[in-house]
Amino acid sequence: MFQEAKSHPNGARAGLLKTRAATINTPFFMPVATRGAVKGLEPGEVKATGAEVLLANTYHLHLAPGETQVRQLGGLHQFARWPGPILTDSGGFQVFSLSHVRKITEEGVIFKDPASGLQTLITPEKSMRIQLDLGSDIIMAFDDLTGLDPKKAKVREEEAVERTHRWLLRCIKEFKRLTAKTPKAKRPLLFGIAQGGLNKELRRQSVEFVQSTEVDGLGIGGLSVGEGTKEMHAMLKFLAPLYDPSKIHYLMGVGEPNNMRYAIEQGIDIFDCVLPTRNGRHGSVWISGEKKLNLKNTSHLTDTDPIDKACDCYACQQGYTRAYIRHLFKVNDPLGGKLASLHNLRYLQRICERYR
RNA sequence: GGGCUCGUAGUGUAGCGGUUAACACGCCUCCCUGUCACGGAGGAGAUCGCCGGUUCGAUCCCGGUCGGGCCCG
């Protein structure tokens with residue numbers, strides 16, 4: 001359940017999201033723990049960056065170790081030692097990101113696991129079951145996400161939006177069936193996802209449709225998939241007045257600092273993104289002044305500054321120099337990626353904290 | 001002293017009588033948005049040990065020379 005506490009003339013708002021695991025202040029950013037871990041980081045380290053909710057992935061955890069295994073081991077919270085809320089992505093994004101190894105039908109999506117070669121059918125119903133088995137606190141509807149292929153975009157986009165809506169109804173039905181006996185306070189939340197690519201009319205219809213259902217939150221999907229910043233911002237601005245203020249608004253996959261700020265001022269409450277951790281592991285960090293720094297660059301060979309003098313993250317506070325972290329990257333020590341990840345995560349958390 | 005073998009980018013290796021000499025690693029720069037991802041894309045870098053010969057043309061063939069390695073005395 002979401003409760004708006006205050007809003008700012010700039011469009012940003014702060015509030016509380018009540019989940020069965022904890023009540024969280026919004027806006028917030030979720031680090032991505034696809035397979036149950038924020039790559040290379042322990043839960044305590046992630047928490048220390050200010051993160052309170054983690055995002056895990058239905059498809060990846062279904063493949064390994066499997067939801068039955070996770071359930072038998074006490075659920076994802078127990079398994080991964082993260083007591084806070086966990087949001088699970090439905091596997092819908094993999095319809096897009098693994099588009100070369102999947103086939104969409106009305107029933108669901110057949111994925112071919114590139115590692116084992118095994119084929120798996122994920123349907124809206126199955127996605128609900130997996131997420132409940134995992135023990136997720138915020139369950140995402142299974143959606144159909146298109147890319148931005150300019151040739152097929154229009155037809156495919158309409159089809160994707162309509163299918164996403166049909167699948168949402170199936171998700172809700174299955175979710176209700178499976179949680180019928182669960183007391184309301186112990187039930188996870190269910191978020192629906194609006195699609196529509198860069199088509200405003202489709203987007204409007206989709207947002208309105210999703211908000212008209214019984215979902216607890218509205219996910220904005222299908223952005224940050226290759227469109228330019230201008231297009232994305234224009235869409236966020238267009239959508240802002242359409243949101244139901246009593247619902248929470250989750251912009252899926254966005255986490256580039258500028259985009260996040262912009263989105264918060266367009267009424268967005270939740271974010272997730274792989275950028276802070278993936279970029280971190282690849283040596284790229286954000287520093288004050290909206291700058292990006294590549295720690296692997298030779299210019300840091302003898303650089304005794306911390307990543308960012310103004311930063312309060314663990315890596316900067318410990319006094320690790322850019323020269324040292326560069327060295328770690330050069331010799332392939334995972335500590336480099338870890339420190340940079342912690343730094344980037346903290347950078348995004350500070351943005352959210354300021355808005356709160 | 002005799003025989004054999006090797007010498008090509010920072011390193012390790014390909015290669016072939018014929019236009020810009022290949023590959024891996026390393027190096028440099030950029031990229032990454034609901035994670036197939038310690039990943040991806042570009043780039044710099046070699047007078048092919050040296051001298052001479054054969055040839056229309058030599059990194060490649062021949063001779064010499066220098067350097068490394070192995071074997072026999």
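Remember, predicted model here, so these are calculated numbers, not experimental data. Residue numbering restarts at 1 for every chain, and letters A, B, ... go by the order of the sequence lines.
Applying the 4.0 Å criterion to OP1 and OP2 of B:C27, one finds that A:R326 has every side-chain N and O outside that range. Taking side-chain N and O atoms only, A:Q94 has no distance below 4.0 Å to OP1 or OP2 of B:G34. Contact annotation: A:S224 side-chain N/O to B:U33 OP1/OP2 distance is not under 4.0 Å.
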Validation: residues 36-43 of chain A side-chain donor-acceptor distances under 3.5 Å, sequence neighbours left out:
none

Which donor-acceptor pairs under 3.5 Å do the side chains of residues 228-237 of chain A make with protein atoms, sequence neighbours left out?
residue: A:E231; atom: OE1; partner: A:G228; partner atom: N; Å: 3.1
residue: A:H233; atom: NE2; partner: A:N259; partner atom: OD1; Å: 2.9

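Following rounding to the nearest Å, A:K330 (NZ) and B:G26 (C1') show an atom-to-atom distance of 9 Å.
For the segment residues 284-303 of chain A, residues with any heavy atom less than 4.0 angstrom from an atom of RNA chain B are, sorted by number, A:S284, A:K292, A:N294, A:N297, A:T298. Within residues 18-26 of chain A, no residue has any heavy atom under 4.0 Å from RNA chain B.
Base pairing in RNA chain B gives the following stems of 3 or more Watson-Crick or G-U pairs, range against range and under 3.5 Å: B:1-7 with B:66-72, B:10-13 with B:22-25, B:27-31 with B:39-43, B:49-53 with B:61-65.
Ion pair A:E45/A:K338 flagged as a salt bridge, since at least one NZ, NE, NH1 or NH2 atom sits closer than 4.0 Å to an Asp/Glu carboxylate oxygen.
Taking the side chain of A:F93 as heavy atoms from C-beta on, and the options B:U35, B:U33, B:A37, the nearest nucleotide is B:U35.
Applying the ring pair (Phe, Tyr, Trp, His ring centres under 6.0 Å) criterion to A:Y355, with sequence neighbours excluded, gives no partner residue.
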